[in-house]
2 protein chains.
Amino acid sequence: MDKDLESMKITLDVVCGKWKAMILLKLNNGTLRFGGEIKKSIPLINHQTLIKQLRELEEDGLITKKSYPVVPPWVEYSLTDYGKEIQPLLNQMVEWGEMHLDKDKTPPS
Amino acid sequence: MDKDLESMKITLDVVCGKWKAMILLKLNNGTLRFGGEIKKSIPLINHQTLIKQLRELEEDGLITKKSYPVVPPWVEYSLTDYGKEIQPLLNQMVEWGEMHLDKDKTPPS
DNA sequence: AAAAGTAGTATATTTATTTATACTAAGGAG
DNA sequence: CTCCTTAGTATAAATAAATATACTACTTTT
């Protein structure tokens, strides 16, 4: 596997999968609380799946977590500076998807 | 799920997954033959997985297939004009991956 | 007392994706 | 004849990912 493919693979691992890119996209707008905000803005995601994705994104340094020791728990997630660097890529993914949606489904003969 | 997330999902479906982006990246350089070229340039991909991914990319209009009726079979795949439009996104994925590779693994404290 | 509220854990199950193995077609080489 | 070649199929098995369900902790509200 050559260098480009290796690099591509890294990106696929970190931002692809079914949910990570969506989570990062939502965090572009600022800090979000776990349940009330992230979970509701991505309604189809499962509770544990979300937790797992968040933990992995945290391990990869893209997001940070801030827990307030209150009851009931209050936990916020936000992009790190590093995580913000992926924003252009995410935007381009959204743009391409829009374009693909608009495209006529009739194949170009 | 809002419009941005929907669009994002389209992109994830079409180019993410474990291999599609890599296949498209390889096809950026021009037409490739199935076994001798694609399979060897992405050595870890499995035979049927490759066939399946290629078929899906074809169905989505990103690539075309040209079969020559010779024995043994000779089949070529190439990007459609539409498929070429995804090139900037792929390049950005490669760039981000490179950057992430180079990044120190020490977390930003 | 009992219930509600929230982030997270534990476990088991389902679903999706990838892989391994063996097979087909059709002609050329030996 | 038999074997080799290549794209593709068929089937089953293995792996990975996502999900459902139930649970914990701790305080406030009822």
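Naming convention: chains lettered A, B, ... in sequence-line order (proteins, then strands); numbering from 1 in each chain. What's counted below: heavy atoms across the whole structure, side chains too, no hydrogens, waters or symmetry copies.
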Axis bend over the full length of the helix from C:dA1-D:dT30 to C:dG30-D:dC1, computed from five pairs that close each end, to 10 degrees: 30°
Under a 4.0 Å N-O cut-off, is there an ion pair linking A:E76 with A:K65? no
Measure from CD on A:E56 to C1' on D:dA16 and round the result to the nearest Å.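 Taking CD of A:E56 and C1' of D:dA16, I get 12 Å after rounding.
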Take atom CG of A:D13 and atom P of D:dA16, then tell me their distance rounded to the nearest Å.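 Answer to the nearest Å: 13 Å.
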Results of ring-ring contact (aromatic ring centres under 6.0 Å, His included) for A:F34 - residues two or more places apart only: A:H47
B:W96: ring-ring contact (aromatic ring centres under 6.0 Å, His included) partners, not counting sequence neighbours: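 B:W96: ring-ring contact (aromatic ring centres under 6.0 Å, His included) contacts with B:H100.
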Close side-chain approach of [X] to [Y], heavy-atom, < 4.5 Å:
X: B:Y77; Y: B:I38; answer: yes
X: B:R33; Y: B:V75; answer: no
X: A:T11; Y: B:V94; answer: no

List for me each residue that meets side-chain hydrogen bond (donor to acceptor under 3.5 Å, both in side chains) alongside [X], sequence neighbours excluded, and say none if there are none.
X: B:K18; value: none
X: B:D2; value: A:K26
X: B:N91; value: none

For DNA chain C, what residues of [range] have any heavy atom nearer than 4.0 Å?
range: residues 66-78 of chain A; result: A:V71, A:P72, A:P73, A:V75, A:Y77
range: residues 28-41 of chain B; result: none
range: residues 42-52 of chain A; result: A:H47, A:Q48, A:I51

In the hydrophobic clustering that connects Ile, Leu, Val, Met, Phe, Trp and Tyr at side-chain heavy-atom distances below 4.5 Å, which members other than B:Y68 occupy its cluster, ordered by chain and number? B:V70, B:W74
Distance (rounded to the nearest 0.5 Å) between B:R55 CZ and B:Q53 CD: 10.5 Å
Gap separating the CG atom of B:L27 from the OG atom of B:S78, nearest 0.5 angstrom: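 Taking CG in B:L27 and OG in B:S78, the distance rounds to 7.5 Å.
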Find out if a path of hydrophobic residues (ILVMFWY) with successive side-chain heavy-atom gaps under 4.5 Å connects A:L44 to A:I23.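 Both belong to a single hydrophobic cluster.
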Using a 3.5 Å distance criterion without hydrogens, assess whether the side chain of A:T80 forms a donor-acceptor pair with backbone atoms of A:L62. yes
Does a side-chain N or O of A:Q53 approach OP1 or OP2 of D:dA17 to a distance below 4.0 Å, or not? no
Under a criterion of less than 4.0 angstrom to any heavy atom of chain B, what are the 5'-terminal and 3'-terminal contacting nucleotides of DNA chain C?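 Reading along DNA chain C, I get C:dT18 to C:dG27.
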Among residues at least two apart in sequence or on other chains, which ones pass salt bridge (Lys or Arg N to Asp or Glu O under 4.0 Å) with A:K84? A:D81
